[in-house]
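This report refers to the structure that appears directly beneath it.
Residue indices begin at 1 and follow the sequence shown. Predicted, not measured: the structure shown is a model, and the values here were computed from it.
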Amino acid sequence: DEQLRRDRAIAIYDTMLAALVKAFESAPEILFVAGAGNEDESVDFVRSMPAGIQLPNVLTVGAVDSALEPASFTSFGKSINLYANGFEVQTKMPGGKPTMISGTSLAAPYVTNLAAKLWAINPALSVAEVRALIESTVTVHGENEMKVIHPKAAVQAMH
């Protein structure tokens with residue numbers, strides 16, 4: 001029966017979401033960085049996981065293009081904390097052949113890399129301090145006031 005399948009799917013999703021939230025909450029000393037998703041939809045409306053999880057140690061990243069406009073595919077919503085380049089990022093295919101790939105999975109590593117740089121400069125920083133450094137040094141773009149990371153400003157703010 002269709003309703004039974006729907007109810008079961010919702011129950012399974014809710015169980016998985018609760019377990020993931022519990023795991024994130026139990027590790028406050030770890031900064032989790034999640035891609036927003038590439039469905040061009042609200043992560044809040046569709047209850048996206050992990051992108052829709054709002055915790056102090058979770059940053060959700062959307063994608064912008066080289067003009068700092070939202071990438072056509074990036075998901076959006078109030079749960080998106082930051083944006084970074086996720087459009088035509090140069091990478092390598094298996095075997096080493098260079099290629100260009102787009103997606104929030106390419107934008108999230110920019111935030112992870114920035115956090116790692118901040119910790120490399122000062123390993124004593126807490127997750128809250130790293131998050132504050134990143135978020136306080138963003139540049140705001142577009143009508144939706146997207147907060148785009150600014151790595152140079154974040155590093156300079158430490159001095």
Side-chain angles (χ1 to χ4, degrees), residues 1-91 99-119 125-151 154:
D1 155 291
E2 185 177 330
Q3 186 61 43
L4 182 62
R5 285 193 310 270
R6 183 179 190 287
D7 293 345
R8 180 154 170 81
I10 290 170
I12 291 169
Y13 179 89
D14 288 344
T15 299
M16 290 172 33
L17 178 61
L20 189 57
V21 168
K22 184 177 179 181
F24 287 171
E25 288 175 331
S26 72
E29 73 286 358
I30 297 174
L31 179 63
F32 296 92
V33 180
N38 305 318
E39 293 80 28
D40 186 27
E41 62 189 7
S42 170
V43 298
D44 306 305
F45 178 75
V46 298
R47 297 181 61 207
S48 185
M49 175 177 37
I53 296 173
Q54 295 183 37
L55 291 170
N57 62 332
V58 178
L59 285 173
T60 300
V61 184
V64 293
D65 61 22
S66 59
L68 301 178
E69 293 293 326
S72 61
F73 53 82
T74 192
S75 292
F76 52 87
K78 67 180 179 174
S79 295
I80 310 301
N81 305 107
L82 303 164
Y83 287 81
N85 179 36
F87 184 73
E88 295 187 359
V89 177
Q90 186 170 357
T91 189
T99 189
M100 305 297 266
I101 300 177
S102 299
T104 61
S105 292
L106 286 291
Y110 280 103
V111 176
T112 304
N113 180 275
L114 176 54
K117 285 179 182 174
L118 297 175
W119 269 307
L125 291 172
S126 68
V127 167
E129 290 168 327
V130 166
R131 182 176 179 148
L133 276 166
I134 293 171
E135 291 184 311
S136 68
T137 56
V138 298
T139 56
V140 179
H141 295 275
E143 62 186 47
N144 296 329
E145 298 185 348
M146 297 178 313
K147 298 172 182 173
V148 180
I149 64 166
H150 193 304

What I'd like to find out is whether the side chain of Leu55 reaches to under 4.5 Å of the side chain of Glu25, using heavy atoms alone. yes
Sorted by first residue and then second, give each ring pair (Phe, Tyr, Trp, His ring centres under 6.0 Å) pair with at least one member in residues 14-69; sequence neighbours left out. Phe24-Phe32
Only distances under 3.5 Å count here; give the side-chain donor-acceptor pairs of residues 3-10 to other protein atoms, sequence neighbours excluded, each with its distance to 0.1 Å.
unit_1	atom_1	unit_2	atom_2	d
Gln3	NE2	Asp7	OD1	2.7

Going by the side-chain hydrogen bond (donor to acceptor under 3.5 Å, both in side chains) test, which pairs reach into residues 129-138, not counting sequence neighbours? Ser126-Glu129, Arg131-Glu135
Sequence neighbours excluded and cut-off under 3.5 Å, please list the side-chain donor-acceptor pairs for residues 140-151, or say none.
unit_1	atom_1	unit_2	atom_2	d
His141	NE2	Thr139	OG1	2.8
His150	ND1	Ala153	N	3.0

Under the rule for side chain to side chain donor-acceptor pair (under 3.5 Å), what residues qualify as partners of Asp40, not counting sequence neighbours? none
Donor-acceptor pair, distance only, cut-off 3.5 Å: does the side chain of Asn38 make one with the backbone of Gly103? no
Can a side-chain donor-acceptor contact be found between Gln54 and Ser79 if the only test is distance below 3.5 angstrom? yes
Write out all pairs satisfying ring pair (Phe, Tyr, Trp, His ring centres under 6.0 Å) with one or both partners inside residues 50-90, taking only residues at least two apart or from two chains. none
Quick check: do Leu59 and Leu82 have side-chain heavy atoms less than 4.5 Å from each other? yes
In the structure I gave you, are the side-chain heavy atoms of Leu31 and Val130 within less than 4.5 Å of one another anywhere? yes
Show the numbers, then the answer: is there a side chain to side chain contact (heavy atoms under 4.5 Å, CB included) between Asn85 and Asp65? CA-CA 6 Å; Asn85 179 36; Asp65 61 22; 5.6 Å; no
Are Ile12 and Met16 packed together at the side-chain level, in the sense that at least one heavy-atom pair is separated by less than 4.5 angstrom? yes
Would you call Ile80 and Val61 a side-chain contact if the rule is heavy atoms closer than 4.5 Å? no
